[in-house]
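This one's a predicted model, so the numbers in the text were calculated from it and none came from an experiment. Lettering follows sequence order; numbering is per chain, from 1. Every heavy atom of this structure was used, including side-chain atoms; hydrogens, water molecules and symmetry mates were not.
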Amino acid sequence: MSTPSNAAVVAALRQLVVYTQLEDGRSQSFRTRAYEKAIDAISARSEPVAELSISELTAIEGIGDSTARKVKELAANGSIGKVDRLKERFPPSMLELMRIPGLGPKTVLALQSKLGVTDVAGLEEAIATEKLRTLPGLGVKSEQKIAGAIELLGIHSDERRTPVFDAMLVARRIIADLEASGLAEQIEFAGSLRRLEETIGDVDILVVSSHAAGVIEAFVSLPGVTAVMGSGSTKASVVVDDTIQVDLRVVDAGAFGAALLYFTGSKAHNIELRQIALARGLTLNEYSLSDIESKESVASVSEKSIYHALDLPWITPEIREGIGEIGAAREGLLPNPLMESDIKGDLHVHTAWSGDGRSSMTEMLDAVAARGLEYVVVTDHAEDLAINGLSRGEVLEERAEIEAQRLRLPELTILHGAELNIGPDGDIDYDAEFLSGFDFGVASIHSHLDLAQDRQTHRLLAAVANPAVNVIGHPSGRKIGRRPGAVFDADAVFSAAAENGTAIEINSHLQRLDLAAPLIRQAMTFNGLMFSIATDSHHTSELGNIRWGVAQARKGWVPAARVLNCLTLTEFSAFVARKRRF
DNA sequence: GCCGTTTTCGGCCCGACTGTTTTCAGTCG
């Protein structure tokens with residue numbers, strides 16, 4: 001039997017959580033919380049955890065002996081015994097019932113025991129025959145609400161999480177519309193979006209305003225709102241475009257930091273902070289950090305003030321996963337958060353010379369200069385990409401234009417590079433002599449993403465060793481929620497990259513965010529391995545995507561010292577020169 | 001089920017909204 005992937009382990013543990021909620025008859029038992037913590041811990045790792053030994057597993061924070069054995073059980077038998085046993089008591093269709101918003105373990109158990117209902121069809125029948133309202137605590141309104149929720153089934157389930165790119169579009173649209181209302185003093189997105197998770201359940205938006213009622217009213221009637229799930233005096237939930245839930249919370253300016261912290265999560269991170277607060281006689285909620293005895297507020301205005309009051313440095317949202325970042329912060333092991341202002345150059349930029357480039361060279365370089373960057377590499381596609389790539393003749397013409405641009409923009413150092421295509425066997429465009437004419441090379445895979453792992457690894461290793469290649473661009477080729485990336489032996493590729501002086505790209509586009517964060521953390525363990533945080537812009541409007549690449553690097557705990565384009569021009573040039581020996 | 005700068009046993013975060021309750025249970029985040 002092949003080793004279950006981490007995704008498979010996580011899926012099995014998620015099932016275990018829901019079955020255990022049914023067994024316990026409540027959604028928050030200490031057991032289910034422990035399972036959820038283990039899920040978070042496994043999700044953040046890149047190596048297949050099913051291959052680890054029991055002792056290696058229990059060394060991971062959040063995984064104890066019991067969960068470790070369940071993981072090994074899954075690897076050996078293909079299933080977890082406890083889940084198999086619970087399936088006898090609770091048919092799998094009850095899991096589907098648990099996914100319906102508004103139905104929790106208590107209600108689902110009552111459905112089974114009082115009405116014999118264990119699936120969605122039975123529930124619909126019970127609603128149609130007005131039997132649901134006979135259950136204690138449920139009435140006509142509950143019946144209607146659940147009937148409506150069944151229609152929305154799928155929207156809130158794990159299977160229907162939204163890729164971060166799409167969720168960000170919705171968030172920015174809602175924020176712009178709310179800004180136009182003029183009632184908000186400040187608006188921020190929070191939740192998993194602010195933590196830059198790859199997929200988003202609900203979009204969370206935080207508004208500072210002294211006119212909460214007006215903001216809520218404006219929010220629930222925004223264009224695109226197709227359902228209102230709930231609406232109170234300070235919070236409301238709606239469904240936008242029939243596809244994604246957006247939660248809004250309105251707070252006073254004085255509580256902004258506490259609210260942002262609370263609303264950003266993760267839940268596990270917040271629980272840990274609250275435990276630390278309690279140990280100091282303090283209590284933390286979404287309004288403030290305050291003294292338990294005197295009730296006096298200690299900190300609330302900014303996140304930073306709250307962390308400081310708990311003797312912690314400000315922890316960047318992207319790593320608030322409750323998987324050890326607080327302990328690391330306490331021991332001073334967290335890197336200083338990488339900031340956009342640390343970026344000195346963009347090493348992967350296209351112009352109209354590429355078939356898919358949509359801004360002219362002049363427009364692109366002006367935009368780069370306007371962003372205050374010191375250097376840039378123009379990396380148009382190369383000849384192997386038939387439609388978008390440049391022929392040798394065009395490369396030479398482009399080089400001449402770059403010469404002219406250098407005279408026009410003396411403050412900006414412009415390198416002539418190329419985005420080379422890594423073929424299925426690891427070969428790249430042109431020949432060694434022609435390649436030596438470039439100042440810089442990014443090599444990326446654009447096709448054959450489904451090769452077997454050993455071929456994929458061989459392919460990348462060949463590119464890593466090529467003297468014309470300074471960076472491996474979007475290393476997996478994935479598009480979040482649209483296509484999985486190539487699977488390769490990451491240890492082998494990172495080790496070779498560190499040895500050869502080939503940097504690994506962190507692609508800033510929200511559809512890519514490639515490398516994935518767990519792989520970045522894995523790559524961080526290879527001394528000397530450098531990252532390139534690049535936008536891969538095809539239009540000037542995409543240069544701003546660098547903020548997402550920087551955030552992705554933070555998610556991987558990358559310090560500025562490990563980022564090639566955070567180096568000074570002199571250091572950067574030296575790093576490049578060491579590799580380009582033909 | 002997990003974990004240890006009070007603990008190998010005994011703790012384990014906090015509040016809003018809803019619907020059904022006349023004071024609260026269930027759900028959600």
Check: What is the minimum heavy-atom distance between A:E340 and A:V550, and which atoms define it?
Finding: N-CG1, 3.9 Å
Check: Between A:L22 (CG) and B:dG26 (C1'), how many Å, whole number?
Finding: 14 Å
Margin query: So A:E61, base contact, sugar-phosphate only, or nothing? Heavy-atom distance under 4.0 Å.
Written below: sugar-phosphate
Next item on the list: In plain terms, say whether A:D166 and A:R482 are close enough for a salt bridge, that is, a side-chain N and a carboxylate O under 4.0 Å apart.
Entry: yes
Item checked: A:H308 side-chain N/O to A:L312 backbone N/O, donor-acceptor pair under 3.5 Å -> yes
Checklist line | Nearest-angstrom distance from the residue atom CG of A:D247 to P of B:dA16 | finding: 15 Å
Notebook entry, point to check: What's the closest nucleotide to the A:K145 side chain, out of B:dG15, B:dG1, B:dG19?
Noted result: B:dG19
Check: Does a nitrogen or oxygen in the side chain of A:R33 sit under 4.0 Å from OP1 or OP2 of B:dC13?
Finding: yes
Check: Base, sugar-phosphate alone, or nothing: which one does A:G62 contact when heavy atoms must sit under 4.0 Å apart?
Finding: sugar-phosphate
Margin query: What's the closest nucleotide to the side chain of A:K235 if the choices are B:dA16, B:dT27, B:dC12?
Written below: B:dA16
Next item on the list: Go through the side-chain N and O atoms of A:R554 and A:T316 and say whether any donor and acceptor fall under 3.5 Å apart.
Entry: yes
Checklist line | Nearest listed nucleotide, side chain of A:Q245, among B:dC14, B:dC17, B:dG29 | finding: B:dG29
Item checked: Sugar-phosphate only, base, or nothing, as touched by A:S231 at under 4.0 Å among non-hydrogen atoms -> sugar-phosphate
Checklist line | Short side-chain N/O contact to B:dG1 OP1/OP2 from A:S29, under 4.0 Å | finding: no
Margin query: Please confirm whether the shortest side-chain N or O distance from A:Q275 to OP1 or OP2 of B:dC12 is below 4.0 Å.
Written below: no
Notebook entry, point to check: Hey, does A:V250 reach any base, or is it just sugar-phosphate, or nothing, if we go heavy atoms under 4.0 Å?
Noted result: nothing
Note to self: Check the phosphate of B:dC13 against A:N270, side-chain N and O only, distance under 4.0 Å to OP1 or OP2. Yes or no?
What the structure shows: no
Note to self: By nearest atom, which of the nucleotides B:dC12, B:dC2, B:dC17 is closest to the A:A34 side chain?
What the structure shows: B:dC2
Notebook entry, point to check: Can you tell me if the side-chain N/O atoms of A:T283 get under 4.0 Å from OP1 or OP2 in B:dC14?
Noted result: yes
Next item on the list: Please state the C1' separation for the pair B:dT20 and B:dC24 - nearest whole angstrom.
Entry: 9 Å
Next item on the list: Check step by step if side chain to side chain contact (heavy atoms under 4.5 Å, CB included) holds for A:F494 and A:T525.
Entry: CA-CA 9 Å; A:F494 296 152; A:T525 64; over 6 Å; no
Check: If you find the nucleotide of DNA chain B closest to A:Y35 and the one closest to A:N285, which residue's nucleotide is nearer the 5' end?
Finding: A:Y35
Notebook entry, point to check: Charged N to carboxylate O below 4.0 Å: is that the case for A:R161 and A:E197?
Noted result: no
Check: Pick one: which of A:L178, A:D241, A:L222 meets side chain to side chain contact (heavy atoms under 4.5 Å, CB included) with A:R173?
Finding: A:D241
Next item on the list: Round to a whole Å and report the spacing from CG of A:D24 to P of B:dG1.
Entry: 9 Å
Notebook entry, point to check: Are A:F30 and B:dC2 stacked, counting the six-membered base ring, centres under 5.5 Å, planes under 30°?
Noted result: no
Note to self: Please report the distance separating the P of B:dT21 from the corresponding atom of B:dT27, rounded so that it comes out in whole Å.
What the structure shows: 16 Å
Margin query: Heavy atoms only, 4.0 Å cut-off, all strands: where does A:L273 land among base, sugar-phosphate and nothing?
Written below: nothing
Note to self: Can you tell me which nucleotide in B:dA16, B:dC14, B:dG1 comes closest to the side chain of A:T234?
What the structure shows: B:dA16
Next item on the list: Would you classify A:P136 as touching base, sugar-phosphate or nothing, given that sugar-phosphate means primed atoms plus P, OP1 and OP2, and contacts are heavy atoms under 4.0 Å?
Entry: nothing
Next item on the list: Rounded off to whole Å, could you give me the CG-to-P distance for the A:D204 and B:dA16 pair?
Entry: 16 Å
Next item on the list: Determine the Euclidean distance between corresponding C1' atoms of B:dG11 and B:dT7; express it in Å to zero decimal places.
Entry: 8 Å
Notebook entry, point to check: If you look at every strand shown and take non-hydrogen atoms under 4.0 Å, does A:K82 touch a base, only sugar-phosphate, or nothing?
Noted result: nothing
Notebook entry, point to check: C1' atom, B:dA16 versus B:dC12: distance in rounded Å?
Noted result: 22 Å
Note to self: In whole Å, I'd like the distance from the CG atom of A:D202 to the P atom of B:dT27.
What the structure shows: 18 Å
Next item on the list: Classify the angle between the aromatic ring planes of A:W548 and A:F189 as parallel (below 30°), tilted (30 to 60°) or perpendicular (above 60°).
Entry: tilted
Check: What interatomic distance, in whole Å, is found between C1' of B:dG29 and the corresponding atom of B:dC13?
Finding: 12 Å
Note to self: On DNA chain B, does the nearest nucleotide to A:R31 precede the nearest nucleotide to A:L138 from the 5' side, or the other way round? Give the residue.
What the structure shows: A:R31
Next item on the list: Sticking with atom P, work out how far B:dC28 lies from B:dG10, rounded to a whole angstrom.
Entry: 34 Å
Checklist line | Whole-Å gap separating C1' (B:dG1) and NZ (A:K37) | finding: 12 Å
Item checked: Integer angstrom distance from the C1' of B:dG1 to that of B:dT6 -> 22 Å
Notebook entry, point to check: Under 4.0 angstrom, heavy atoms only, what part of the nucleic acid is A:S27 near: base, sugar-phosphate, or nothing?
Noted result: nothing
Next item on the list: Taking only the side-chain heavy atoms of A:T107 (C-beta and beyond), determine which of B:dC13, B:dG1, B:dT27 contains the nearest atom.
Entry: B:dT27
Notebook entry, point to check: From the list B:dC2, B:dA16, B:dT27, which nucleotide is the closest neighbour of the side chain of A:R249?
Noted result: B:dA16
Margin query: Between B:dG4 and B:dT8, how many Å separate the two P atoms, rounded to a whole number?
Written below: 12 Å
Check: Of the nucleotides B:dT20, B:dC13, B:dC17, which one has an atom closest to the side chain of A:K141?
Finding: B:dT20
Next item on the list: Starting from C1' on B:dC12, measure out to NZ on A:K267 and report it in whole angstrom.
Entry: 13 Å
Check: Between atom NE2 in A:H269 and atom P in B:dC12, what is the gap in whole Å?
Finding: 20 Å
Next item on the list: Examine B:dA16: is either OP1 or OP2 under 4.0 Å from a nitrogen or oxygen in the side chain of A:Y287? Give yes or no.
Entry: yes
Note to self: Between A:S142 and B:dT18, is there a contact of a side-chain N or O with OP1 or OP2 at under 4.0 Å?
What the structure shows: no
Next item on the list: May I ask which nucleotide in the shown strands pairs with B:dT8, Watson-Crick or G-U wobble, both distances under 3.5 Å?
Entry: none
Notebook entry, point to check: Going through the checks in order, is the salt bridge (Lys or Arg N to Asp or Glu O under 4.0 Å) test met by A:E198 and A:R478?
Noted result: CA-CA 12 Å; A:E198 292 176 4; A:R478 72 168 179 173; 2.8 Å; yes
